[in-house]
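Order of listing sets the numbers, starting from 1, for every ligand and every atom in it.
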Amino acid sequence: MKRISVIGAGYVGATIAYALDLKGIANDIVLIDTNEDKARAEADDIRHGIAAMGESAVRAGSYADCADCDLIIVTAGRNRLPNESRLDMIQDNIGIMKDVSDEIARYYTRGAVMIVSNPVDLLTYYCDRRLGLPNGTVFGTGCILDTSRLVRAAADYFNIRAAAVNGYVIGEHGESQVPVWSAMKVSGVAVEEYCLKKHSKWDASIKATIQTRVKNLGTNIISAKGRTHYGIATCVCMLTDAIINHKNVIASVSSPLTGEYGIDGVALSLPSKLCKNGVAERIITELEGQELEKLYLSAEKLKNALSEMIV
Ligand code: NAD
């Protein structure tokens, strides 16, 4: 019996529940929202698909269902407006995260806590402090979506399948994110070597074009349709499968650092090995000088935002 609670039954929470249900990842998926009618309606809508296509395990519940969960996923919080950065939402969403953390604390017995609400790095750090669980138990989706977008954008440029590209984004899920170009590979071959052999151009301007596309994708989608939810739901589905089925996946997710690259007192994304209790280990890889500089700037920016946060 695997149980997952999804807190917040808005676009993101409901799409996550739908994706989890289609993949048959858990026997009990509970949607919890202050708007109970909305949670019930989303659960009913998902449950009334063709029975043969899934277990239809989604139901509406209350915070008491956070007890004995394999995973608690937090999506409660308002969404970003077209002209806002993720950090602009902090004052609204920190109040919600305070309530959510206190409710989780009342019922928590075991399992990882995955934060999706934005600004995800700050809310992950805050929830971690508030719950006081072992490091890594509370983690955020962080740069998993940016990583997915980077891989897709690079694969489009090379005109190959995304599965052939390895790469990742670290730091803030936001403006100061850092694509780790030095680690990018195509089918195990360093990207520079691949491009040389293929006579493809690979220089600073190509990288800048891909980076800008990755960084602005969320904003562009929000400008056109008001929100993003499919991409993050797919990423959450992959992370959930990794956690509850013990798949030993390494993904660029956000967790409170404890001295990695000399950084602590902040949550940000690094490649991290996942286990049933969340992040088991953050992987320290060799970064090029500029990448390390940018990671420090990203950490500094997040620390400043934390120090200005009014709870
Ligand atoms: P939404 O407005 O559609 O849904 C938010 C839901 O949270 C609402 O149903 C609301 O009733 C509920 N809620 C508010 N306070 C609550 C509380 N105390 N307990 C339980 N539920 C509560 O928003 P959305 O589009 O679903 O987005 C949710 C969050 O996800 C936003 O912060 C958004 O920025 C974030 N997001 C993150 C990523 C990512 O990559 N991490 C991607 C997309 C969206």
Side-chain angles (χ1 to χ4, degrees), residues 5-19 30-43 45 60-66 72-82 84-107 113-127 130 139-150 169 171-175 177 214-215 217-223 225-240 251-255 267-269:
S5 281
V6 181
I7 301 174
Y11 278 91
V12 172
T15 313
I16 288 170
Y18 182 57
V30 189
L31 277 172
I32 301 164
D33 201 295
T34 40
N35 183 342
E36 290 174 20
D37 288 343
K38 169 111 167 75
R40 204 171 305 112
E42 294 292 3
D45 197 7
S62 70
Y63 275 104
D65 289 295
C66 289
I72 298 167
I73 302 172
V74 181
T75 76
R78 80 160 171 89
N79 205 346
R80 192 155 58 108
L81 300 172
E84 279 185 321
S85 81
R86 293 173 183 88
L87 290 187
D88 291 334
M89 291 186 284
I90 188 61
Q91 276 324 126
D92 289 337
N93 284 352
I94 196 73
I96 292 174
M97 186 53 86
K98 183 170 184 286
D99 296 344
V100 169
S101 304
D102 292 350
E103 289 294 332
I104 293 174
R106 277 178 72 190
Y107 298 103
V113 180
M114 187 198 299
I115 310 298
V116 183
S117 317
N118 274 318
V120 66
D121 302 293
L122 303 186
L123 295 179
T124 297
Y125 190 77
Y126 175 80
C127 183
R130 198 126 187 118
F139 73 99
T141 50
C143 288
I144 183 83
L145 182 56
D146 312 284
T147 294
S148 179
R149 288 170 174 166
L150 177 79
V169 177
E172 179 200 5
H173 171 54
E175 292 301 302
Q177 61 183 244
V214 169
K215 215 195 290 191
L217 205 62
T219 306
N220 294 343
I221 295 170
I222 288 170
S223 298
K225 63 172 255 186
R227 57 194 43 86
T228 67
H229 50 117
Y230 294 118
I232 186 60
T234 316
C235 292
V236 168
C237 206
M238 184 279 275
L239 295 174
T240 301
S252 189
V253 294
S254 184
S255 59
L268 50 71
S269 288

Top protein contact for atom 1 (P) of ligand 1, by heavy-atom distance: Gly10 CA, 3.9 Å
Ligand 1-proximal atoms of Thr75, by part, heavy-atom distance under 4.0 Å: backbone
Pairwise distance CE(Met89) to CD1(Ile96) - rounded to 0.5 angstrom: 10.5 Å
Ligand 1-proximal atoms of Tyr63, by part, heavy-atom distance under 4.0 Å: side chain
Sub-4.0 Å heavy-atom contact, Met89 with ligand 1: yes
Ile144 and ligand 1 - part of the residue with a heavy-atom distance under 4.0 Å: neither
Atom indices of ligand 1, in the order listed, that fall short of 4.0 Å to a heavy atom of Leu145: 40 (O)
Proximal ligand 1 atoms for Thr141, defined as those under 4.0 Å from one of its heavy atoms: 41 (N)
Enumerated ligand 1 atoms positioned under 4.0 Å from heavy atoms of Asn93: 32 (O)
Proximity winner for atom 44 (C) of ligand 1, if only heavy atoms of Val6, Val12, Ile96 are counted: Val12
Rounded distance [0.5 Å steps], OG1 in Thr15 versus CD in Glu42: 8.0 Å
Atom 3 (O) of ligand 1 - nearest protein heavy atom and its distance: Tyr11 N, 3.1 Å
Nearest heavy atoms of Ser85 and Arg80, plus distance in Å: C-CD, 3.7 Å
Atom 31 (C) of ligand 1: nearest protein contact (heavy atom, Å): Arg78 O, 3.2 Å
Heavy-atom nearest neighbour in the protein, as seen from atom 14 (C) of ligand 1, with distance rounded to 0.1 Å: Thr34 OG1, 4.0 Å
Shortest non-hydrogen contact between Glu175 and Lys215, atoms and distance: O-NZ, 3.1 Å
Identity and distance of the protein heavy atom lying nearest atom 2 (O) of ligand 1: Gly77 O, 4.1 Å
Derivation and outcome, salt bridge (Lys or Arg N to Asp or Glu O under 4.0 Å), residues Lys38 and Asp33: CA-CA 7 Å; Lys38 169 111 167 75; Asp33 201 295; over 6 Å; no
Atoms in ligand 1 flagged as close to Ile7, the criterion being non-hydrogen separation under 4.0 Å: 20 (C)
For ligand 1, the portion of Asp33 having any non-hydrogen atom under 4.0 Å away: both
Atom pair CG/CZ of Leu81 and Arg227 - distance to nearest 0.5 Å: 10.5 Å
Check: Thr141 main-chain N/O paired with Ser254 side-chain donor or acceptor under 3.5 Å: no
Shortest non-hydrogen separation from Tyr63 to Tyr107 and the atoms involved: O-CD1, 3.3 Å
Atom 43 (C) of ligand 1: nearest protein contact (heavy atom, Å): Thr228 OG1, 3.2 Å
Whether His173 lies under 4.0 Å from ligand 1, heavy atom: yes
Considering all heavy atoms, the nearest Ala76-Ser117 contact: O-OG, 2.6 Å
Side-chain donor-acceptor pair present, His173, Asp121, cut-off under 3.5 Å: no
Proximal ligand 1 atoms for Val116, defined as those under 4.0 Å from one of its heavy atoms: 35 (C), 36 (N), 37 (C), 38 (C), 39 (C), 41 (N)
Over all atoms of both residues, closest heavy-atom pair of Leu239 and Ala251: CD2-CB, 3.8 Å
Minimum-distance pair of heavy atoms, taken over all atoms of Leu123 and Ile94: CD2-CD1, 3.8 Å
Closest protein heavy atom (residue, atom, distance) for atom 33 (C) of ligand 1: Asn79 OD1, 3.7 Å
Pick from Asn118, Thr124, Ile222: the one approaching atom 36 (N) of ligand 1 most closely through a non-hydrogen atom: Asn118
